[in-house]
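Letters go in sequence order (proteins before strands), and every chain restarts at 1.
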Amino acid sequence: MNIFADIRVLVISSLEEMTRTGVLPEGLDFANVAVEPPRDAAHGDLATNAAMVLAKPAKMKPRDIADALAGLLAADDRVELAEVAGPGFLNLRLNAQVWTQVVDAVLSNASFGQSNMGAGKKVNVEYVSANPTGPLHVGHTRGAVFGDALASLLDYAGYDVTREYYINDGGAQVDVLARSVYLRYLEAHGQEVAFEDGTYPGDYLIDVGEALKAKVGDEYLGKEEAHWLADIRVFATEAMMDLIRSDLAALGIEMDVFFSEKSLYGTGRIEGALAQLDDQGLIYEGVLEPPKGKKPEDWEPREQTLFKSTDHGDDVDRPVKKSDGSWTYFAPDIAYHFDKVERGFDELIDVFGADHGGYVKRMKAAVSALSAGKVPLDIKLTQLVKLFKNGEPFKMSKRAGTFVTLRDVVEQVGPDVTRFVMLTRKNDAPLDFDFDKVLEQSKDNPVFYVQYACARINSVLRKADEQGIAVDDATLRAALGTDLHEAEVAVAKKLSEWPRQVEIAARTNEPHRIAFYLYDLAADLHALWNRGNDDLALRFIQDGDAATSQAKIALIRAVFIVISAGLGILGVTPAKEMR
RNA sequence: GGUCCGUUAGCUCAGCUGGAUAGAGCGCUGCCCUCCGAAGGCAGAGGCCACACGUUCGAAUCGUGUACGGACCGCCA
């Protein structure tokens, strides 16, 4: 049940009726007619802009349309009052029973809020995709949480979602990894080694060196790189992916697909993807202009193989081959995205860090060309996370060893807090993450505030149960009456917005909207709770009156269900009690 | 030089498909606990949405430009 969608259906059918009876001219487009909550609650429960949107194409005065529409809408038994206001808004006040129905719908239907807007379309969400050269750090964490919540959101909104991780196991950085592991391997054999520039000195490779020793013994000792490099690449990459998988698991993230870059090499798949582009005349040999603003002495013109991405909206053409004939990083990326297109996805989403900003246009250009414009690619960039401790910025440096891993964060504040906090900001806005603040138990802290609402509701349910009041959902539904207090109606109205918020969030690929909605809903719950201090009639448990208690508990139980559903999308566990 | 993102209350941020007096939290002022957890709530003061132009009956929202801030910008992945 989505009251906004339901009433919109009513509005549209009324408009069609008006067309039939000649009030409105034929052929009007109703697509822009919206039914929304009014900005000011005093204006009513719902408002529609129908009259204003249609006034111009119908060549009529907005108020004339609104008056006629109001008459038709008022005939529906859900509508108690329809009045024209302002420049031509039509404000609707709904029958009190509608709000009871909302609560009833939440309690009766586990899928309240779920949507079929996705219509089962296949969408691929690629996220994290960190290089397999070490543990995930805090910068990856935001992309991981964002991508995962977005995937869950789309799933909730009716899409068929695949969560995918692209393993960059084909490039030179894996050679560096392999050499670093080799050093640790020598170390495991008791040799003194030095980690020079261009190797990864991290402690996390010590175990990998030991494991390699356990596996191959002294086979690689004293051998040339050519003898062991390929083997150790594979061994080390697998070890790193195990590490990364366990990091992700600590955050509650599980991928559906791990796609290996290496699998594209030597199989003709890169060549195949580029042949697709070549067939469209989009591949040529050429020399790029020097980038503006760069010093000319740093620049030498070189002939390379280029992709004519400017034909698909990019600013300059992009190299797919280096001047020595080897692939650029872009080439396997093209092949990878071509693979996604060929796997039949209807939509692609890439979640990248902000440092990939320059990559967006070329990737979109490639997908546009490879799918003949049929598969949209949305690229979401996650901005930096600024770390704080006690309000002081906390500088992260790999060299100084103050490198904060995903694991560090999760161990300090827990997965729930990590996830929620990372989602309380738009993905493209920088995020402040203060280790102390996020653990604070006060309303400054949205995680706590929402969890506290859950805890309070559960506290009531426990108390009711102790007093012998049945609180199973069937009983609560049966106890629902239509005489809600205005303060209770406010909460029910907020609940009614849930399906709408889900659709907006899914349409814009913005899971942070869910977090903000939950905060608002929690605020309404806290407000209602406190009203019980002044007005005993608003307390949830009414001594000696089980039926009234159950009717009131039904409402807050519904709040709990919706908060749980929302937290579920964010990947956060609702708290039964605070500790 | 270019691209992308941002600019909304003292601070940190929401704001949908353009619409009626622009919303929250913190901070500030004043209230509310013999009572389901006050780890909370209520009320007040405080922004005309960086600036300009444009589209529109109507712009914080769309477009263009300027200023300021951030990220990025050839064969590094």
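Base pairing annotation: B/rA60 forms no Watson-Crick or G-U wobble pair, as no partner gives both donor-acceptor distances under 3.5 Å. Here B/rU7 sits opposite B/rA67 as a Watson-Crick or G-U wobble pair (both hydrogen-bonding atom distances under 3.5 Å). The partner of B/rU17 is absent, by the rule that a Watson-Crick or G-U pair needs both atom distances under 3.5 Å. Under the Watson-Crick or G-U wobble criterion, with both distances below 3.5 Å, B/rC49 is left unpaired in every strand shown. The pairing partner recorded for B/rC28 is B/rG44, the criterion being a Watson-Crick or G-U wobble arrangement whose two distances lie under 3.5 angstrom. Of all nucleotides present, only B/rC73 satisfies the Watson-Crick or G-U wobble test against B/rG1, with each distance under 3.5 Å.
Of the candidate nucleotides B/rU3, B/rA38, B/rG6, B/rU3 has the atom nearest to the side chain of A/Asp315. In this structure, of B/rG74, B/rC36, B/rA38, it is B/rG74 that holds the atom nearest to the side chain of A/Gln304. In the set B/rA24, B/rU3, B/rA77, the nucleotide with an atom closest to the side chain of A/Tyr519 is B/rA24. When each of B/rG15, B/rA14, B/rC5 is scored by its nearest atom to the side-chain atoms of A/Ala429, the top-ranked nucleotide is B/rA14. For A/Ala527, the side-chain atoms get nearest to B/rC42 when compared with the rest of B/rU17, B/rC36, B/rC42. Minimum atom distance to the side chain of A/Phe516 is reached by B/rC13, of the listed B/rC35, B/rC13, B/rA38. Across B/rC76, B/rC13, B/rG41, the shortest atom-to-atom separation from the side chain of A/Lys322 is found for B/rC76. Among the nucleotides B/rU3, B/rC57, B/rU17, the one closest to the side chain of A/Lys56 is B/rC57. Closest contact between the side chain of A/Arg513 and the listed nucleotides B/rA77, B/rA71, B/rG15 involves B/rG15. Among the nucleotides B/rA71, B/rC36, B/rG41, the one closest to the side chain of A/Ala354 is B/rA71.
You won't find any donor-acceptor pair under 3.5 Å spanning the side chain of A/Arg507 and the base of B/rC16, going by distance alone. Remark: the A/Asn530 side chain and the B/rA38 base include no donor-acceptor N/O pair separated by less than 3.5 Å. A donor N or O paired with an acceptor N or O is not found under 3.5 Å between the base of B/rG19 and the side-chain atoms of A/Asn49.
Separating the P atom of B/rC16 from that of B/rG2 is a span of 30 Å, rounded to the nearest Å. Nucleotides B/rG19 and B/rC33, compared at atom C1', are 44 Å apart to the nearest Å. Only the C1' atoms considered, B/rU7 is 15 Å distant from B/rA14, to the nearest whole Å. For the P atoms, the distance linking B/rU8 with B/rU21 amounts to 23 Å, nearest Å. Across B/rG41 and B/rC4, the matching C1' atoms stand 43 Å from one another, rounded to whole Å. Atom C1' of B/rG6 sits at a distance of 15 Å from the matching atom of B/rC51, rounded to the whole Å. B/rC48 and B/rG23 have their C1' atoms separated by 14 Å, with the value rounded to a whole Å. Distance check on atom P: B/rC73 versus B/rG18 gives 35 Å, rounded to whole Å.
Stacking between A/Phe89 and the base of B/rA20 is present: ring centres sit under 5.5 Å apart and the planes differ by under 30 degrees. B/rG41 has no stacking from A/His526 on its base ring, since the centres under 5.5 angstrom apart and planes within 30 degrees of parallel are not both found.
The aromatic rings of A/Phe330 and A/Tyr359 sit perpendicular, their planes meeting at an angle over 60°, well past the 30° parallel limit. Between A/Tyr452 and A/Phe448, the ring planes are parallel. Angles under 30° get that label, and only those over 60° would be called perpendicular.
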**OP:** Determine, step by step, whether A/Phe146 and A/Lys380 satisfy the side chain to side chain contact (heavy atoms under 4.5 Å, CB included) criterion, reporting the C-alpha distance in whole Å, the side-chain angles of both residues, the deciding distance to 0.1 Å, and the verdict.
**Re:** CA-CA 9 Å; A/Phe146 174 83; A/Lys380 306 299 267 190; 3.7 Å; yes
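Heavy atoms of A/Asn533 sit under 4.0 angstrom from at least one base atom. Using a 4.0 Å heavy-atom distance criterion, A/Asp520 is classed as making no nucleic acid contact. Within the 4.0 angstrom heavy-atom criterion, only backbone atoms of the sugar-phosphate kind lie near A/Lys361; the bases stay farther away.
Comparing A/Leu431 and A/Ala85 against RNA chain B, the residue whose closest nucleotide sits nearer the 5' end is A/Leu431. Each of A/Leu90 and A/Gly358 was matched to the nucleotide of RNA chain B holding its nearest heavy atom; the match closer to the 5' end belongs to A/Leu90.
Under the 90° criterion around 0 for the glycosidic angle, B/rC49 counts as anti.
Side-chain contact check for A/Thr310 and A/Asp317: at least one donor-acceptor pair (N or O, by modelled atom type) lies under 3.5 Å.
Considering NZ of A/Lys59 and CG of A/Leu54, their distance stands at 13.5 Å, rounded to 0.5 Å.
Between A/Glu488 and the options A/Lys493, A/Lys552, A/Arg531, a salt bridge (Lys or Arg N to Asp or Glu O under 4.0 Å) holds for only A/Lys552. Between A/Thr305 and the options A/Glu285, A/Lys322, A/Lys321, a side chain to side chain donor-acceptor pair (under 3.5 Å) holds for only A/Glu285.
Between A/Phe435 and A/Phe433, the distance from one ring center to the other falls under 6.0 angstrom.
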